[in-house]
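Quick notes on the structure that follows.
Note that ligands are numbered from 1 as they come in the structure, with each ligand's atoms numbered from 1 the same way. None of the values given here were measured: they were computed from a predicted structure.
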Amino acid sequence: MTYRILDAQALREWLAQRHDLSGRLGGAAADWDIREVSDGNLNTVFLVNGPAGALCCKQALPHVRVAPDWPMPLERALYESRYMQAVAPAVTGLMPELFAYDPDLFLLVMECLTEHEVLRSALIADQAAPGFSAVIGSYVARTVQATGWVSQPFETGAHLLEQFSGNTALTRITVDLILTDPYRVCDRNPEPEEGLRADVKALQTDQVLHQAVGRLQDRFLTARQALLHGDLHTGSIMLDGADVRVIDGEFATMGPIGFDCGLYLGNLALHLCAAPHKADAIRTEMLAFWQKFSEELRTGLRAGCGDMWALSGPATRPALIETFLSEILRDTAGFCGLEMIRRTVGFAQVADYGLCTTEQERLLARQKALQIGRTLIVESVSLRSFDSVLSLMGL
Ligand code: SR1
Ligand code: MG
């Protein structure tokens, strides 16, 4: 069957022929309730409800969903399916189950998280049950353990490089939207509000900042430490109380571990800028993320490592681990800063700023995010502890 963009009826007909999937829904195809709930920038998403169960169907479009003039290869769905398969055994219960991938329709069929809400929306509504960040810290540590050179035989890394190095279209988005566009004049950048124009201009001319961004470009493109989710923001996480799931792994690529950490923390920090009265709660979440991530990785690496540290033993490995974690910390701070800046002045911004009740308040929130982002990027190379990351955020 050749590729075509599915609407609800076409999806119904396709599902009806897939007995492995229609069996999960139960009843007759005509009775299924199919709703399009597309929310992200790139794809269409349908929720299908039948008498016996529900499915989530996500199809790649040949363009960016929110920018139809921007062509985008369909293969991102393949990489998302590969990502889910690669990390699923390590993160059981922390991502939806993948039931099927159709390579002709570039369609993923997954467990439907009917009761879950997107973390960003839950934060904005002030309804996220505390504790989600420790789960995300554990998620990142587990994916690193399962895919990183530091903990696996080198053949694992070689295989993953081979599986994901073709994901260049989405990596190009990251290279442009996160690592480059906010620091240059670019048609994709939205016109800034008047009060922010001078700040945007400063980002384009700040040589100290550009040099520090250069270090992070180097890290992102050349430090292939582990398989990254690649887009771990608060819109890529869903929760229902304490049940936390990571979704949307289409940006998966081998890269620096601090990239996933930094994007996650950057989105919490953006929320903080928009809702400064939540500083205590956000500080607690950030700390819990880092403690869980670093402790779980430390414990795992003490118990065993890959070819990378094959000669280390109980006397020498702890120092290797601490040096490794320090490098991740520096990258985390830098990528956190990059995410804060790009989500404030770049193509893909965040709904969190909608929490500000006046234009002046929103301007100040954005300026705060730019200031914290710049400081994190520029200072990242000299940071020694997670406390210093928090204090650069005013926490
Ligand atoms: C054109 S895609 C824009 C952004 O949406 C995705 O979620 C990624 O964050 C990407 O940078
Ligand atoms: Mg996404």
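In this structure, Y83 has its ring center closer than 6.0 angstrom to the ring center of H229.
Under a 4.0 Å heavy-atom criterion, H233 is in contact with ligand 1. Using a 4.0 angstrom heavy-atom cutoff, R343 counts as in contact with ligand 1.
In this structure, E322 places its CD atom where more than 12 heavy-atom neighbours from other residues, nucleotides or ligands lie under 6.0 Å away.
Any protein N/O/S atom under 2.8 Å from the Mg ion (ligand 2) was counted, giving 1 altogether.
The protein heavy atom nearest to atom 11 (O) of ligand 1 is R342 NH1, 2.8 Å. If you check which protein heavy atom lies closest to atom 4 (C) of ligand 1, you get N41 ND2, 3.4 Å. In terms of protein heavy-atom proximity, atom 9 (O) of ligand 1 is nearest to D231 OD1, 2.7 Å.
Checked against W32 for a side chain to side chain contact (heavy atoms under 4.5 Å, CB included), the options L15, N49, L55 give a single hit: L15.
If you take CG on D331 and CZ on R215, they are separated by 5.5 Å, rounding to the nearest 0.5 Å. Here L287 contributes atom CG and E285 contributes atom CD; the two are 10.0 Å apart, rounded to the nearest 0.5 Å.
Residues L301 and W309 meet the side-chain proximity criterion, which asks for heavy atoms closer than 4.5 Å.
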